[in-house]
Amino acid sequence: MHIHKFEKIWLIFGVTTLIIFLTVIGVSAFYLGNQPPSCLATVNPENVDTTAPFNEPGLKKVEGKEWDYELVFVASAFSYNPGQVEVPLEAKVKVIATTKDVIHGFEVAGTNINMMLEPGFISEYVTTFDKAGEFLIVCNEYCGVGHHTMTSKIEVIE
Ligand code: CUA
């Protein structure tokens with residue numbers, strides 16, 4: 001079978017590109033640990049208030065983990081608990097959040113924290129707050145008449 005020279009080059013280019021992409025994805029996922037945000041952690045939305053860690057929302061220092069603090073938020077129409085929280089500058093923080101009723105957003109304005117909170121699931125994000133100041137948390141999923149009033153605040157203090 002005769003394959004034209006340009007066709008061969010094109011085939012080699014295509015297959016090589018595919019191999020490069022698959023290698024990049026493979027290394028990124030399995031070696032660097034870049035996984036999609038976890039949807040595997042679940043919580044019964046009716047028992048959120050009595051289930052750890054959501055029975056004690058707010059900032060908690062933890063030992064022996066890859067992060068120094070856990071920052072727990074419970075969302076419900078139309079507020080977040082806590083409504084305001086202080087976080088030390090440069091602290092490595094795991095944000096853990098869920099919702100008691102409908103889908104809410106969890107966007108920390110001015111940072112790259114932006115999660116969807118779904119009833120029954122726990123959304124988590126590990127981050128370091130390296131800028132001091134006030135950061136507004138806003139709900140960016142339409143959740144009802146009070147959607148636009150749904151906010152909280154993170155104060156990063158030195
Ligand atoms: Cu909660 Cu919009």
Side-chain angles (χ1 to χ4, degrees), residues 18 20-158:
L18 182 64
I20 291 171
F21 281 161
L22 289 177
T23 308
V24 168
I25 290 174
V27 169
S28 164
F30 299 108
Y31 181 67
L32 299 176
N34 290 324
Q35 303 282 327
S38 161
C39 279
L40 298 175
T42 57
V43 58
N44 183 340
E46 286 169 14
N47 301 335
V48 166
D49 286 333
T50 52
T51 308
F54 301 108
N55 53 349
E56 288 176 34
L59 190 72
K60 210 184 297 169
K61 182 119 178 80
V62 292
E63 302 288 338
K65 299 196 178 170
E66 280 176 50
W67 43 87
D68 311 315
Y69 292 90
E70 288 179 351
L71 180 53
V72 177
F73 276 95
V74 176
S76 59
F78 301 98
S79 63
Y80 296 97
N81 185 7
Q84 175 177 0
V85 69
E86 289 184 356
V87 175
L89 187 67
E90 302 291 353
K92 194 169 182 190
V93 176
K94 184 180 200 179
V95 182
I96 306 169
T98 192
T99 163
K100 292 200 280 187
D101 38 42
V102 297
I103 291 177
H104 295 283
F106 187 94
E107 177 177 357
V108 186
T111 71
N112 60 354
I113 306 169
N114 188 358
M115 304 192 286
M116 184 192 265
L117 310 181
E118 295 164 273
F121 293 95
I122 299 171
S123 303
E124 299 175 334
Y125 191 77
V126 178
T127 190
T128 302
F129 290 94
D130 50 13
K131 256 190 291 172
E134 283 187 9
F135 296 89
L136 190 67
I137 302 171
V138 290
C139 179
N140 57 10
E141 298 283 342
Y142 183 72
C143 51
V145 287
H147 165 69
H148 62 289
T149 66
M150 189 166 168
T151 63
S152 178
K153 199 165 62 175
I154 292 177
E155 276 185 65
V156 181
I157 48 170
E158 292 182 58

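In each ligand, atom 1 is the first atom listed, and ligand 1 is the first ligand listed. Heads up: numbering here begins at 1 and tracks the sequence.
Around atom 2 (Cu) of ligand 1, protein N, O or S atoms at less than 2.8 Å number 4.
Between Tyr80 and Phe73, the ring-plane angle classifies as perpendicular under the 30° and 60° cut-offs.
Within the 4.5 Å cutoff, the side chain of Thr111 has heavy atoms near those of the Phe135 side chain. You'll find the side chain of Val43 stays beyond 4.5 Å of the side chain of Asn47, heavy atoms only. Using a 4.5 Å cut-off on side-chain heavy atoms (C-beta onward), Met116 and Ser123 make no contact.
With a 6.0 Å radius and a threshold of 12 heavy atoms from other residues, nucleotides or ligands, Lys131 has its NZ atom at or below the threshold. Within 6.0 Å of atom CD in Gln84, more than 12 heavy atoms from other residues, nucleotides or ligands are found, so the atom counts as buried in its surroundings.
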